[in-house]
Amino acid sequence: MSTQVTPQNAQQFLGLLKKDLSKADQLLQYLEAEKSAIEKRDLDGYHGLQNNKKQLLIEIESLDRERKSLMESMGFSADKQGFQSFLQQVPANWRSRFEHLWESLSGKLNRCKDLNQVNGKILLHAQIATERLMQMIKGVSTNETVYQQNGRTSQGGNARCLATA
C-alpha cells in the first residue's frame, strides 16, 4: 500500500493528537479526583466522577478510532511503527511537533494506566475490609477461609453464622 501524506492530512492528524492529549489530561484529573474520593470514602463524589469518566472514555475511544482511520487512509499502520513511518513523510520542521505530542500523549496515558491500577487496588482493599467488617457483624468466623479461583477468600464449609444482623 502506498503512503500519501497531504498537508491537510498532516494538519488533521496534528489536531487529533492535540485533542487526544487534552482528553488524556482530563482523564488524569478524573483519576486523581477519583483516588481522593476513594481515600475519603466520598461515595457520592466517586459515583459522580464515574459518570463523567465513562463519558470521557467514550470520547477518547472515538478519537482513537478517528486517528487510526486517518493513519490507515494515509497508508500507515495504526501503531508506533506506522507513526514512525508517518514521521518520515512529513517535512522536517513538523516532525518535532508530532514527536512531542506523541511522546506527551504516551506518557499521559501511561500515567493514567498506573493511577487506574492504584485506584483499583485501593478499592479492592476497601472491599476486603468491608467484607471482614460484615463478617464480624454477622458473627461469622474469619479464621476459616479458603481462596477462590480469582484469589478472593470465602468462608470454608465449617463456618457457621452465630447471629444475624
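For the pair Trp102 and Asp79, the tightest heavy-atom approach, listed with the atom from each and the gap, is CH2-O, 4.4 Å. Taking every heavy atom of both residues into account, Ala10 and Phe98 meet most closely at O-CZ, 3.3 Å. Residues Gly45 and Ala37 approach most closely at C-CB, 4.4 Å, considering heavy atoms. Smallest separation of non-hydrogen atoms from Leu105 and Ala24: CD1-CB, 4.0 Å. Closest of all the heavy-atom pairs between Met71 and Ser77 is CE-O, 3.7 Å.
Ion pairing between Glu39 and Lys35 holds under the 4.0 Å rule for side-chain N and carboxylate O. One finds no salt bridge joining Arg111 and Asp114 here, because no Lys/Arg side-chain nitrogen approaches an Asp/Glu carboxylate oxygen to under 4.0 Å.
Rounding to the nearest 0.5 Å gives a distance of 9.0 Å between CG of Leu49 and CD1 of Ile38. Expressed to the nearest 0.5 Å, how far CD of Gln135 lies from OG1 of Thr130 amounts to 11.0 Å. The NZ atom of Lys68 lies 14.5 Å from the OG atom of Ser73; values are rounded to the nearest 0.5 Å. Rounding to the nearest 0.5 Å places CD of Gln88 at 9.5 Å from CZ of Phe76. Put simply, OG on Ser22 and CG on Leu27 are 11.5 Å apart, with the number rounded to the nearest 0.5 Å. Note: Glu32 CD to Asn119 CG = 9.5 Å, rounded to the nearest 0.5 Å.
Residues Gln89 and Gln4 bring no donor and acceptor atom of their side chains to less than 3.5 Å of each other.
A heavy-atom distance below 4.5 Å is not found between the side chains of Gln8 and Gln12. Annotation: side chain of Leu31 is in contact with side chain of Lys53 (closest heavy-atom distance under 4.5 Å). The closest side-chain heavy-atom distance from His47 to Asn51 is not below 4.5 Å. Counting only heavy atoms from C-beta outward, the side chains of Arg67 and Asp64 approach each other to under 4.5 Å.
Side chain of Ser69 to main chain of Arg65: no donor-acceptor pair is present (N/O by atom type, distance under 3.5 Å, no hydrogens or angles). No donor-acceptor pair closer than 3.5 Å links the side chain of Asn116 to the backbone N or O of Cys112. Side chain of Arg95 to main chain of Leu87: a donor-acceptor pair is present (N/O by atom type, distance under 3.5 Å, no hydrogens or angles).
Both Leu101 and Met74 sit in one connected hydrophobic cluster of ILVMFWY residues. Membership requires side-chain heavy atoms under 4.5 Å apart, directly or through other members. The hydrophobic clustering, which links ILVMFWY residues whose side-chain heavy atoms are closer than 4.5 Å, places Ile122 and Leu124 apart. Cluster annotation: Leu21 is not connected to Leu28 through the hydrophobic network of ILVMFWY side chains, with a link wherever side-chain heavy atoms come within less than 4.5 Å. Hydrophobic clustering (side-chain heavy atoms under 4.5 Å, transitive across Ile, Leu, Val, Met, Phe, Trp, Tyr) keeps Leu57 apart from Leu109. Transitive grouping of hydrophobic side chains (ILVMFWY, heavy atoms separated by less than 4.5 Å) brings Val90 and Phe83 into a common cluster.
Enclosure of atom CD in Gln117 by more than 12 non-hydrogen atoms of other residues, nucleotides or ligands within 6.0 angstrom is indicated. Counting non-hydrogen atoms of other residues, nucleotides and ligands closer than 6.0 Å to CG of Asn93 gives a total above 12.
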Legend entry - Chi angles and distances behind the side-chain contact (heavy atoms from CB on, under 4.5 Å) call for Ile58, Glu61: CA-CA 5 Å; Ile58 291 169; Glu61 186 178 342; 5.6 Å; no

Inset, instruction - Any chance you could lay out the side chain to side chain donor-acceptor pair (under 3.5 Å) test for Glu34 and Gln50, step after step, and finish with the verdict? - result: CA-CA 8 Å; Glu34 180 182 83; Gln50 290 304 298; 2.3 Å; yes

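Taking the six-membered ring where the residue is Trp, the centroids of Phe86 and Phe13 are separated by under 6.0 Å.
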